[in-house]
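Below is one structure, written out as structure tokens; the observations come after it.
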Amino acid sequence: MIEIDLNADLGEGYGLYTFGSDEQLLESISSANIACGYHAGDPHRMRETVERCLARGITVGAHPGLPDRLGFGRREMRVSPEEACDYVLYQTGALQAFVRAAGGTLGHVKLHGALYHMAMTDKAIADAIVRGLYRLDRSLLLFGLPGSRLEASANESGMTYVAEGFADRAYMPDGSLAPRRLPDAVLHDDRKAAEQAVSLAVRGEASTIGGGQVAVGVRTLCIHGDAPNAAERANRIRHALETNGVQIRSPKR
């Protein structure tokens with residue numbers, strides 16, 4: 001039996017502002033990455049989202065980002081490794097408190113936006129973040145790109161790394177994600193996204209910008225929750241995976 005995790009970013013509204021299709025996405029995913037208050041989210045939204053996920057048996061993960069609410073955490077900032085670690089610990093610890101108060105256990109950490117990409121390539125930042133999380137809870141899983149610097153840091157520390165793929169993104173021939181500025185880097189067609197999800201889960205392959213295929217070994221697939229049709233796409237992806245004999249299940253250590 002082939003198993004794959006479906007994760008999505010949730011709880012990214014705050015105050016009077018709603019964002020994404022959280023309630024509908026809960027029908028399709030097995031893991032949730034919950035915003036922790038820096039790029040998005042607030043204490044009330046964090047608690048509410050945690051409780052909804054746990055009630056449905058969905059694994060809860062922290063989704064810490066840079067302190068840049070105006071830029072939604074997607075603008076790279078010049079921060080030291082120590083600052084990056086402090087940001088991650090501050091946010092992860094806050095979400096962990098809500099999870100424990102609700103009777104659950106925090107399962108993983110997936111960095112958000114610019115911080116995610118910084119940790120994939122910057123050794124000092126990756127090492128600092130992993131050191132901090134190891135001290136906090138070495139049983140936490142770390143989600144990120146396969147073959148990244150963060151994966152190397154996790155492996156060196158003994159923490160479990162979960163390689164992540166993207167159903168709605170094209171890849172470069174070397175297995176890296178195609179930059180969004182390139183034509184066809186984002187798969188807007190739900191059918192193509194579902195086909196790519198099946199290809200990644202069953203064959204460990206993804207489509208490339210040039211029209212070929214590249215090997216990409218992953219254990220979890222991200223479904224972006226900020227698209228207008230996110231819930232419908234998630235449902236279609238899950239159905240396609242299950243039709244092809246793939247079991248949807250959150251990863252374990």
Side-chain angles (χ1 to χ4, degrees), residues 7 9-12 14-15 19 31-43 45-46 50 60-100 106-164 166 169 172 174-181 220 222 224 226 253:
N7 77 75
D9 305 339
L10 303 181
E12 292 185 317
Y14 56 91
F19 185 85
S31 293
N33 320 305
I34 300 178
C36 304
Y38 265 22
H39 76 279
D42 59 37
R45 196 64 55 98
M46 291 163 69
V50 164
V60 174
H63 196 40
L66 293 171
D68 179 24
R69 193 176 288 258
L70 287 178
F72 198 63
R74 289 178 172 164
R75 301 182 293 192
E76 187 167 321
M77 298 172 63
R78 295 181 63 183
V79 300
S80 69
E82 291 74 19
E83 288 171 324
C85 177
D86 290 343
Y87 295 155
V88 171
L89 285 181
Y90 180 86
Q91 295 172 83
T92 302
L95 188 75
Q96 191 174 53
F98 284 111
V99 176
R100 288 182 176 176
L106 187 68
H108 67 274
V109 174
K110 175 184 170 181
L111 305 176
H112 168 80
L115 184 59
Y116 180 97
H117 293 289
M118 291 162 65
M120 297 305 142
T121 57
D122 189 309
K123 181 181 186 302
I125 286 178
D127 285 350
I129 289 173
V130 170
R131 279 197 304 270
L133 290 174
Y134 184 89
R135 296 188 188 111
L136 174 67
D137 184 352
R138 67 187 66 179
S139 71
L140 289 169
L141 306 180
L142 299 180
F143 285 17
L145 297 176
S148 67
R149 181 57 239 181
L150 185 67
E151 180 174 19
S153 298
N155 291 339
E156 290 164 6
S157 75
M159 295 190 76
T160 300
Y161 191 82
V162 179
E164 179 180 41
F166 294 83
R169 294 288 300 277
M172 301 300 286
D174 64 357
S176 62
L177 284 177
R180 287 180 178 268
R181 66 178 182 275
T220 185
C222 175
H224 288 110
D226 54 356
R253 180 176 171 82

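- Taking the side chain as every heavy atom from C-beta outward, Tyr14 and Arg45 never approach each other to under 4.5 Å.
- Residue Tyr87 comes nearest to Pro67 through the heavy atom pair CE1-CD, 3.7 Å, listed as atom of the first residue, atom of the second, then distance.
- Listed for the Tyr161 side chain is a donor-acceptor partner under 3.5 Å among the backbone atoms of Leu145.
- Within a 6.0 Å radius of CZ in Phe72, other residues, nucleotides and ligands contribute more than 12 heavy atoms.
- Using a 4.5 Å heavy-atom cutoff, the side chains of Glu83 and Met77 are not in contact.
- Annotation: side chain of Glu156 is not in contact with side chain of Val130 (no heavy-atom distance under 4.5 Å).
- What you find for Ile129 and Ala119 is that their closest heavy atoms are CD1-CB, 4.3 Å.
- A donor-acceptor pair under 3.5 Å is formed between the side chain of Thr92 and the backbone N or O of Val88.
- Between Ala114 and Leu66, the shortest heavy-atom contact is CB-CD1, 3.9 Å.
- To the nearest 0.5 Å, the span separating OG on Ser148 from CG on Leu142 amounts to 9.5 Å.
- Across all non-hydrogen atoms, the minimal contact from Cys36 to Pro64 is SG-N, 4.1 Å.
- Atom SG of Cys222 is separated from atom CG of Asp9 by 5.5 Å, given to the nearest 0.5 angstrom.
- Once rounded to the nearest 0.5 Å, the distance linking SG of Cys85 with CG of Asp127 reads 11.0 Å.
- At least one side-chain heavy atom of Thr220 sits under 4.5 Å from a side-chain heavy atom of Glu164.
- At least one side-chain heavy atom of Leu140 sits under 4.5 Å from a side-chain heavy atom of Met159.
- Between Phe143 and His108, the ring planes are parallel. Angles under 30° get that label, and only those over 60° would be called perpendicular.
- Looking only at side-chain heavy atoms (C-beta outward), Gln96 and Leu136 come within less than 4.5 Å of each other.
- Side-chain atoms of Arg69 come within 3.5 Å of backbone atoms of Gly41 as a donor-acceptor pair (strictly under, hydrogens ignored).
- A donor-acceptor pair under 3.5 Å is absent between the side-chain atoms of Asn33 and the main chain of His63, judged by distance alone.
- A distance-only check finds a donor-acceptor pair linking the side chain of Gln91 to the backbone of Gly65 [under 3.5 Å].
- Between the NZ atom of Lys123 and the OG atom of Ser153 there is a distance of 6.5 Å, given to the nearest 0.5 Å.
- A salt bridge is absent between Arg74 and Asp68: the closest approach of a Lys/Arg side-chain nitrogen to an acidic carboxylate oxygen does not fall below 4.0 angstrom.
- Side-chain atoms of Ser157 come within 3.5 Å of backbone N or O of Ala154 as a donor-acceptor pair.
- Taken from CG in Asp122 to CD in Glu76, the straight-line distance is 8.5 Å, to the nearest 0.5 Å.
- The 12-atom threshold is not exceeded at CZ of Arg138, counting heavy atoms of other residues, nucleotides or ligands nearer than 6.0 Å.
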